[in-house]
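Since the structure comes first, as structure tokens, the remarks are kept for the end.
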Amino acid sequence: MENALKITGLFKSFKSEFLRKNIEILKGISLSVKEGEIFGYLGPNGAGKTTTLKCILGLIFPDKGKIEILRLPYLSLKAKARIGFLPENPYFYDYLTASEFLRFYCQLHQIKKADIEEKTSTLLSLVGLEKSSSLQLRKFSKGMLQRIGLAQALLNEPELVLLDEPLGGLDPLGRKEIRDIIVRLKDEGKTVFLSSHILQDIEMVCDRVAIIVSGQIINQGRLYDLISQKILFTETTISGIKEEELKRYGECVSSYGGRTLVKITDEKKVEKILELAHRKKAEIHSLVPRTESLEDLFVGTVKQE
Amino acid sequence: MKITAIALNTFKEAIRDRILYLLLFFAVVSLIFSRLLAILAVGDRVKIIMDVGLASLSLFGALMAILMGTSLVFKEIDKKTIYTLLSKPIHRYQFLLGKFFGLILTLLVMLFLLSLIFIVIVLLHSGRIEWGMFAALAFIFLELCLITAVAMFFSCISSPILSSVFSLSFYLIGHLSWGLETLLNKIKPGFGKTIAQVFYTLIPDLENFNFKTEIVHHLSVPPQVFLYSTIYGIMYTLFVLTAAMLVFRKRDFA
């Protein structure tokens, strides 16, 4: 499969305000995003995620390195015509209404006048803002701004969509809706580059991830190659057996309303606790084996660094 | 189409700016004041109305161009609206030209409104239209185009406050540079004259756009002077705009 985005040896530094000291933000970033995948770009705050995105978009110029978008030089208008971008905490012209705003960006994409109205209304309904089309953006909530931001990123039916923290500031319902749109984009054959520090969302939708810490990529690959599938421990909730007796099998984490949550690290003891429950006619409410999560991997990697 | 879209959006943004209306208000007050001044003055009252009126239009137009020209690009960077805009398939020079033409359109509308009031005041007082006024107004507009370009150039390299100070200095120096011309005529040839000549070439001469005295006093102006001033204005504006585009081309928006 061809690369939708390829970054090789990207370096970027800034001069500090007063002492003009050189601060290195990106220290040789290399990554490739395959066509049709959702790529998660993970990192703690200040790691260099947004700086990488700004380099890709030509908002800042790298000191060294090469960037290719859809096999085209990244600064070419042809490449820019085929991408969509949603910035973190999007700021837009707040005096425009939602449809005026989309119409303005349609003109920048040189979309035909006859198609602009249809495109605007389709996108507004895709992001659930059809009822707010004549509302000025200054009256929009943070979640609504995120949605209109996503709409402008999709105006030109981009092949590569770059999203910087698209789920930040959204309520659970809003996050689910945006997640669904991202998955839909993948189903339509588009490539999504998703920069975020909300691990659960990345874990749910991304095919591959790269973890950036202090301007360097320290881990990248398929999500399930990076995360160990080995069971770390099993959690079970039991009622009808005394806590003292359960302590022999594992750690009693909490006890409430006659139910005890037990964390069992030895796999053999899981079977034994099940036998005990059967013998004592106790009730098992849940039994969950826990494998390594993206969060474990992320926290482990960041701590190591 | 892209430049037009940015220009129209800039126009929409500019006409919402409160500073514009504050300056418009003072300009109107100043025009009305010229009428009152004429009542108090001895001599040709129409000349006083025209002189004070045209000077007001030039000054308040320049203040509008400076205050708005220095803030428009900065606002885009400060409010981060430039992030999504430059991620679209547009060149940076198209963005800057769009901003420039948007502001020029705003100034044209403002100058039109003020000129209308000015012409009505003159018409009410003299009972006839002074056709020469239109030439004076056209050159005021040309001067505003140049000042807008200068204000935008400074806003590409510094903060709005500094840009305003620099642009205002440009305006003042530009209107006082005739003093250097007088000095050049009086100084003896040599090193001093060469230095003065270099300075005079470098600094702008905004008096090239000032035809107030000639128009008010019905003095004849050779057509080649109008032509020279027009070419001077256009070339200077293009030069400053090109410099702004070169600076803007390599700027990081961190």
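Convention: sequence-line order gives letters A, B, ...; per-chain numbering from 1. Just so you know, these numbers come straight off a predicted model, no measurement behind them.
Remark: Phe25(B) CZ is loosely packed, at most 12 non-hydrogen atoms of other residues, nucleotides or ligands lying under 6.0 Å away. Enclosure of atom NZ in Lys27(A) by more than 12 non-hydrogen atoms of other residues, nucleotides or ligands within 6.0 angstrom is indicated. The 12-atom threshold is exceeded at CZ of Phe226(B), counting heavy atoms of other residues, nucleotides or ligands nearer than 6.0 Å. By the 6.0 Å contact criterion, CD on Glu130(A) is enclosed, its count of non-hydrogen atoms from other residues, nucleotides or ligands being greater than 12. More than 12 heavy atoms of other residues, nucleotides or ligands shown are found within 6.0 angstrom of CG on Leu162(B). Remark: Phe239(B) CZ is loosely packed, at most 12 non-hydrogen atoms of other residues, nucleotides or ligands lying under 6.0 Å away. In this structure, Tyr95(A) places its OH atom where more than 12 heavy-atom neighbours from other residues, nucleotides or ligands lie under 6.0 Å away. Few gaps surround CZ on Arg138(A); more than 12 heavy atoms of other groups in view lie less than 6.0 Å from it.
For the pair Lys79(B) (side chain) and Asp94(A) (backbone), a donor-acceptor distance under 3.5 Å is absent.
The most heavy-atom pairs under 4.5 Å with chain B, out of Gln107(A), Lys78(A), Lys12(A), Arg103(A), come from Gln107(A). The choice from Ile3(B), Ile82(B), Thr84(B) that makes the most heavy-atom pairs within less than 4.5 Å of chain A is Thr84(B).
In this structure, the side chains of Asp252(B) and Phe14(A) come closer than 4.5 Å at one or more pairs of heavy atoms. Counting heavy atoms from C-beta outward, Leu108(A) and Ile6(B) have side chains that approach closer than 4.5 Å. Between Ile90(B) and Leu77(A), every side-chain heavy-atom pair lies at or beyond the 4.5 Å cut-off. Side chains of Gln110(A) and Lys2(B) form a contact here, defined as non-hydrogen atoms less than 4.5 Å apart. Taking 4.5 Å as the limit, every side-chain heavy atom of Pro87(A) sits out of range of all side-chain heavy atoms of Lys80(B). The shortest side-chain heavy-atom distance between Lys88(B) and Lys80(A) does not fall under the 4.5 Å cut-off. Between Lys54(A) and Tyr83(B) there is a side-chain heavy-atom pair separated by less than 4.5 Å.
Inspection of the Tyr91(A) and Glu76(B) side chains reveals no N or O donor paired with an N or O acceptor under 3.5 Å.
Proximity to chain A (any heavy atom under 4.5 Å) is restricted, for Arg251(B), to the backbone atoms N, CA, C and O. Contacts of Leu85(B) with chain A are made by both backbone and side-chain atoms, with heavy-atom separations under 4.5 Å.
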Open item on the list: Assess the residue pair Phe85(A) and Leu86(B) against the criterion (side chain to side chain contact (heavy atoms under 4.5 Å, CB included)); give the C-alpha distance rounded to whole Å, side-chain angles, the decisive distance to 0.1 Å, and a yes or no.
Closed with: CA-CA 10 Å; Phe85(A) 168 60; Leu86(B) 291 186; over 6 Å; no
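The cationic atom of Lys250(B) (NZ for Lys, CZ for Arg) lies less than 6.0 Å from the six-membered ring centre of Phe61(A) and within 45° of the ring axis.
For Lys12(B) against Leu96(A), the heavy-atom pair with the smallest separation is CD-CD2, 4.0 Å.
Separating the OH atom in Tyr105(A) from the CG atom in Asn9(B) is a distance of 8.0 Å, to the nearest 0.5 Å.
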